2 protein chains.
Amino acid sequence: MTSNRDAVLAAAQRTLNVDPGASVADIAQAAGVSRATVHRHFESREALLVELGTRSLDQWEQRMDAGDLEAVAASGDAARIRALLEALVRGYVEDADTYGFALTDHVILANADLVARTERLADRETGLFVAAQAAGVLSPALPGRWFGHAVYGLLVAGREAVRLGDVAPREAADLVLTTLFSGITAPSSTAPSSTAPSSTAPGAPA
Amino acid sequence: MTSNRDAVLAAAQRTLNVDPGASVADIAQAAGVSRATVHRHFESREALLVELGTRSLDQWEQRMDAGDLEAVAASGDAARIRALLEALVRGYVEDADTYGFALTDHVILANADLVARTERLADRETGLFVAAQAAGVLSPALPGRWFGHAVYGLLVAGREAVRLGDVAPREAADLVLTTLFSGITAPSSTAPSSTAPSSTAPGAPA
DNA sequence: CTCATCTGCGACATTGATGTCGCATTCCGA
DNA sequence: TCGGAATGCGACATCAATGTCGCAGATGAG
């Protein structure tokens with residue numbers, strides 16, 4: 001059984017979220033095993049990080065699979081596209097809670113394989129964004145590649161806001177989503193916020 | 001004269017923007033001096049990073065000073081507030097070009113003094129955001145502390161998008177601004193985009 | 001010209017972290 | 001019960017990066 005291997009991964013994930021520069025020794029301690037044991041399971045610190053990074057990309061991919069991304073994109077159905085976008089982002093915010101450190105970890109971001117795979121997944125996601133533009137859901141004025149970056153940036157923002165205690169973990173998804181979709185300006189005059197996330201409006205009782 | 005000291009700082013800034021984990025040796029090489037010389041000017045690698053971080057905070061502070069932040073906030077004048085917000089963000093995007101690495105550098109982000117000063121500056125900025133809410137410029141539904149994070153996140157996004165070549169450096173500011181203010185959804189039907197940045201719309205001829 | 005100061009550098013010392021190795025212990029299946 | 005495969009660990013070896021020290025050349029005021 002890989003019981004302890006998973007324990008190490010879990011500990012690493014927890015530890016790195018607090019201190020992204022944590023050493024193998026720190027991680028081993030958090031996992032309650034010796035440093036050598038960590039090295040039995042992972043050839044190097046980088047290998048450990050790469051595995052975590054891979055898992056975070058797995059989650060991303062699963063989110064897109066689960067949402068049937070290509071089918072929804074091809075459907076051209078504005079409502080479906082819109083709903084999928086929202087579901088994806090909510091999912092990402094949730095995942096960021098676990099793998100958030102991977103968003104900005106330099107070791108992970110420098111690994112060629114992960115970078116390549118990230119690119120492929122981003123391309124795939126961009127397909128949805130572009131379809132969303134065609135369906136009138138997303139602004140046609142923005143470059144297709146930008147959307148993914150915007151999502152990424154707001155994930156980082158949400159994570160940081162929660163980490164610093166500026167927003168409650170529960171609020172994060174709504175904030176990210178509202179900001180992403182509608183921006184931060186006040187809804188123009190009295191018009192109903194037709195572009196706000198469908199679910200609970202931020203500020204409403206949770 | 002501190003000629004070479006400045007040269008080291010400049011080299012560090014350049015080098016770190018490419019490889020955030022660059023060693024003192026890397027920086028020294030980029031500056032065309034020996035490693036020991038770097039250490040003559042900066043007690044430690046951390047001290048060097050802290051100085052760069054300090055300078056980036058100086059810029060932030062200067063932007064707020066230059067915009068007369070408190071006066072504008074107190075004025076309650078929606079147009080002035082709105083204009084200042086836009087000017088600030090444009091300024092930040094420009095600064096991120098130079099000090100971008102500081103946005104996510106773990107050494108800098110872990111330094112107590114810099115964190116404390118960042119907090120103070122963020123509080124100051126939040127004053128403007130809250131005034132903007134009162135003036136009807138920013139959404140009253142969002143928590144005051146969120147705005148700063150949203151700006152931060154989109155700066156990271158813009159920086160990354162430019163770094164990866166997904167958007168032209170010239171476009172970055174418009175993209176960040178539009179996304180921040182109006183989000184990424186298509187303007188609801190045919191209504192004039194009353195909340196879009198006042199200057200050049202993204203996509204318009206530069 | 002001369003001394004004092006500043007700047008730079010090569011060589012050394014130290015440190016923290018990484019990764020390896022052989023031995024002990026546990027956990028099965030036969 | 002027995003044997004081997006897997007797991008864990010302490011101790012060691014290595015390495016990369018940091019930081020220190022004393023000497024050498026430049027610079028500049030007097």
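Note that the structure is predicted; figures quoted are calculated from it, not measured.
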Within this structure, what is the CG-to-P distance between A:Asp6 and D:dG8, rounded to whole angstrom? 11 Å

Over how many whole Å does the gap from B:Gln29 atom CD to C:dG8 atom C1' extend? 17 Å

Do nucleotides 17-28 of chain C as a string where each nucleotide becomes B, S or -: B if the base has a protein heavy atom under 4.0 Å, S if just the sugar-phosphate does, - if no protein is that close. SBBB-B------

So which pairs with a foot in residues 68-78 of chain B pass side-chain hydrogen bond (donor to acceptor under 3.5 Å, both in side chains), sequence neighbours left out? B:Glu70-B:Arg124

Which whole-number value in Å describes the distance from B:His41 NE2 to C:dT7 C1'? 7 Å

Write out all pairs satisfying salt bridge (charged side-chain N to carboxylate O under 4.0 Å, His left out) with one or both partners inside residues 125-139 of chain A, taking only residues at least two apart or from two chains. none

Can you check the B:Arg5 CZ to C:dC6 P distance for me, whole Å? 15 Å

Here the side-chain hydrogen bond (donor to acceptor under 3.5 Å, both in side chains) pairs for residues 93-108 of chain B, sequence neighbours left out, are B:Arg63-B:Asp95

Determine: side-chain N/O of B:Thr37 to OP1/OP2 of C:dC9, distance under 4.0 Å, yes or no. yes

ring-ring contact (aromatic ring centres under 6.0 Å, His included) pairs, two or more places apart, involving residues 132-176 of chain A: A:Phe129-A:Phe147

Given B:Val8, which partner from the list B:Thr37, B:Val38, B:Val24 fulfils the side-chain contact (heavy atoms from CB on, under 4.5 Å) test? B:Val38

Quick one: which residue pairs count as a salt bridge (charged side-chain N to carboxylate O under 4.0 Å, His left out) with a foot in residues 10-35 of chain B, not counting sequence neighbours? none

